[in-house]
Amino acid sequence: MLEIGIIRNQKERVVEGYHKRNLPETAIQELDVIISLDDERKSVQTSLDATLAESNALSKEIGDLFKAGKANEVAEKKEKVAALKEMTKELETKHKEIKDRIEEKLLSLPNVPHSSVPKGKTPEENEVFKAWDKSFPSLHADALPHWELAEKYDLFSLSLGVQLTGSGFPVYKGKGAKLQRALISFFLDEATNAGFQEIIPPLLVNRHSARGTGQLPDKEGQMYYCEKDDLYLIPTAEVPVTNLYREAVVPVESLPIKMTGYTPCFRREAGSYGADVKGLNRVHQFDKVEIVVIEHPDKSYDTLMSMVQHVEGLLEKLELPYRILRLCGGDMGFNSALTFDFEVFSAAQQKWLEVSSVSNFESFQANRMTLRYKDTDGKNKLAHTLNGSALALARIVASLLENNQTTDGIVIPEVLRRYTGFDKI
RNA sequence: GGAAGAAUGGCAGAGCUGGUUUAUUGCACCGGUCUUGAAAACCGGCGUACCUGAAAGGGUACCUGGGGUUCGAAUCCCUAUUCUUCCGCCA
């Protein structure tokens, strides 16, 4: 949720940013509506506070009269307070109504893109921030896509998942299962070695948490929901891990707070279809190691770059061909101010697969969940939050299988062998 | 699942027979006195959000969340949530 102060004081920057996102003019006009609603809110509060002050004073006088034994003089004052109370009620209702309307409008506005974000509507307009300048792996003639490799080596099965649950819920088996576990351990070890504290969070969250990181109301339809208990299955570890600091005030010295967590992720992916959903390209349940940072506003962009480097390191170590994109305004998520996407090249499918997304949300999430730090001047200020996948498993597995296939098996990257215990599938 | 009790400021912990209450006190923290320095002792300060104001200041709300009674509620009533203890069930 955008800070109302930013809308009031930096309106030009907001408008410019929204143009980069290609928002319709009606969305931009909302800014003025919000400002005038906020003006109204202020003036209503001024009268409300004055009315309350008057009743408070009268009540005190009534108390004093009772004590002085002048109960007979009380009636008139009581009537006055009763009249004030009517007024208070009206003003309170109005005040709440305006506040709710402002909140509702603020919730519907996306974050303001960072100045480096390119204008654009579609993924094609994303900027290649770092291209792959080495050669792609050359596969043998009978190279297979990962879903066929899975069958050939009995690594995972989507049809068994259908039997148990439905489409998009893979069942990993044998070396396929071990490979999952190896990747998770590898990613977690890399993150903890880089100073991220490991967290194992719950996989279901309440609506406050879903709202805190911005999944609600924006992505309600993308989450699995347990109606009976009013809980959501997490679409990413970002949700529980960031919400550990919901409504917290942390000392400035404790920044940055660096956390990592492995969780399965659940996504309904409503509306997806076609070739993109083949194999592990798009599934409803996948494993992911996430990194989350709570940072001082002055340092959040340096931190973003160090997170990008961390993810790059992982892909280097896995020896996968990758590139980094700086997302354009139109392709960037609702909450983000700047996002770098990582894509790995799948040699057998001949296409790039998104395996990580690293973003700075600035104060957008922090404002929604009131996550603050106590500054050296003693004031509480909104922190910045950042997160990134490091990494999402299913597509890494897909590209690993495809890129590393040879005529006599699939080669496991060197760094993973101590986790898998085998060097070839 | 059943029964009883509890939820107060960074922490501990009063108030809870309704009326000089943001709230006794202790610890922590900050400033000062003393000291060569530190500790101790003593003195002073010490919540958050919003409104108003150039500022100093003034005002309002907040004692888990929501609702109610009352001229007036931390204090009474209802409700939700969480925690503790006991009983039941159980990986």
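Chain A is the first sequence line, chain B the second, and so forth, proteins listed ahead of strands; every chain is numbered from 1.
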- For B/A74 versus B/U64, give the span between their P atoms, rounded off to a whole number of Å. 10 Å
- For A/Glu247 and B/U81, what is the distance between atoms CD and C1' respectively, to the nearest whole Å? 14 Å
- Message: Can you confirm whether more than 12 heavy atoms, excluding those of A/Glu125, are under 6.0 Å from its CD atom?
- Response: yes
- Query: If we call it a pair only when both distances are under 3.5 Å in a Watson-Crick or G-U wobble match, what pairs with B/G1?
  - Reply: B/C87
- By ring pair (Phe, Tyr, Trp, His ring centres under 6.0 Å), A/Tyr262 pairs with (sequence neighbours left out) none
- Query: Looking only at atom C1', what distance separates B/U81 and B/G67, rounded to whole Å?
  - Reply: 15 Å
- Item | Selection residues 203-224 of chain A - residue pairs positive for ring-ring contact (aromatic ring centres under 6.0 Å, His included), sequence neighbours left out | none
- Note on the structure: Whole-Å distance, A/Leu231 CG to B/U81 P, equals 12 Å
- Message: For A/Asp375, give me all partners under salt bridge (Lys or Arg N to Asp or Glu O under 4.0 Å), at least two apart in sequence or on another chain.
- Response: A/Lys381
- Task: Specify the closest pair of heavy atoms between A/Ala394 and A/Leu280, including all atoms of both residues, with the distance to one decimal.
- Result: O-CD1, 3.6 Å
- Task: With a 3.5 angstrom cut-off on both distances, give the Watson-Crick or G-U wobble partner of B/G37, or none if there isn't one.
- Result: none
- Whole-Å distance separating the OH atom of A/Tyr373 from the C1' atom of B/U48: 17 Å
Do any N or O atoms of the protein come closer than 3.5 Å to N or O atoms of nucleotides 7-10 of chain B, and which pairs are they?
none

- Item | Separation of the C1' atoms in B/G10 and B/U48, to the nearest angstrom | 13 Å
- Item | Listed partners of A/Phe186 passing ring pair (Phe, Tyr, Trp, His ring centres under 6.0 Å), at least two apart | none
- Message: Below the 4.0 Å mark, does B/C71 have OP1 or OP2 next to a side-chain nitrogen or oxygen of A/Lys60?
- Response: no
- Item | Partner residues of A/Asp154 under the salt bridge (Lys or Arg N to Asp or Glu O under 4.0 Å) criterion, sequence neighbours left out | A/Lys173
- Query: Watson-Crick or G-U wobble partner for B/U20, using a 3.5 Å limit on both distances?
  - Reply: none
- Message: Rounding to an integer number of Å, can you tell me how far A/Phe66 CZ sits from B/C71 C1'?
- Response: 8 Å
- C1'-based separation of B/A12 from B/U24 [nearest Å]: 14 Å
- Can you tell me how far P in B/U79 sits from the matching atom in B/A4, rounded to whole Å? 13 Å
- Message: Can you confirm whether more than 12 heavy atoms, excluding those of A/Glu92, are under 6.0 Å from its CD atom?
- Response: yes
- Message: Counting primed atoms plus P, OP1 and OP2 as sugar-phosphate and everything else as base, spell out the protein contacts along nucleotides 49-60 of chain B at 4.0 Å heavy-atom distance: B, S or - for each nucleotide, 5' to 3'.
- Response: SBSS------BS
- For A/Lys374, report the nucleic acid contact type (base, sugar-phosphate, nothing); a contact means any heavy atom under 4.0 Å. sugar-phosphate
- Query: With both distances under 3.5 angstrom, what nucleotide forms a Watson-Crick or G-U wobble pair with B/G53?
  - Reply: none
- Query: Could you give the CD1-to-P distance, from A/Ile62 to B/G18, as a whole number of Å?
  - Reply: 18 Å
- Residue set satisfying salt bridge (Lys or Arg N to Asp or Glu O under 4.0 Å) with A/Arg181, at least two apart, ordered chain then number -> none
- Task: For A/Lys85, check salt bridge (Lys or Arg N to Asp or Glu O under 4.0 Å) against everything at least two apart and list the hits.
- Result: none
- Item | Between P of B/U48 and CG of A/Leu382, the distance in whole Å | 15 Å
- Item | Close residues, residues 201-214 of chain A, relative to RNA chain B [heavy-atom separation under 4.0 Å] | none
- Task: Could you tell me which nucleotide pairs with B/C76 by Watson-Crick or G-U wobble geometry, both distances under 3.5 Å, or answer none if nothing does?
- Result: B/G68
- In whole Å, what separates the P atom of B/C63 from that of B/A55? 29 Å
- Message: Both distances below 3.5 Å, Watson-Crick or wobble geometry, any strand: find the nucleotide opposite B/A6.
- Response: B/U82
- Message: Reading RNA chain B from 5' onward, which residue's closest nucleotide shows up sooner: A/Ser55 or A/Gly378?
- Response: A/Gly378
- Greater than 12 external heavy atoms within 6.0 Å of A/Gln10's CD: yes
- Task: Take atom CG of A/Asp230 and atom C1' of B/U81, then tell me their distance rounded to the nearest Å.
- Result: 13 Å
- A/His19 meets the ring pair (Phe, Tyr, Trp, His ring centres under 6.0 Å) criterion, sequence neighbours left out, with none
- Message: Once you measure the plane-to-plane angle for A/His284 and A/Phe169, does it fall in the parallel (<30°), tilted (30-60°) or perpendicular (>60°) bin?
- Response: tilted
- Task: For nucleotides B/U70 and B/A56, find the distance between their C1' atoms and express it as a whole number of Å.
- Result: 38 Å
- Item | Euclidean distance for P, B/C62 against B/G53 (whole angstrom) | 24 Å
- Query: Taking a pair as Watson-Crick or G-U wobble with both distances under 3.5 Å, which nucleotide is matched to B/G47?
  - Reply: B/C62
- Which residue pairs satisfy the salt bridge (charged side-chain N to carboxylate O under 4.0 Å, His left out) criterion with at least one member in residues 410-425 of chain A, sequence neighbours excluded? A/Asp408-A/Lys424, A/Glu414-A/Arg417
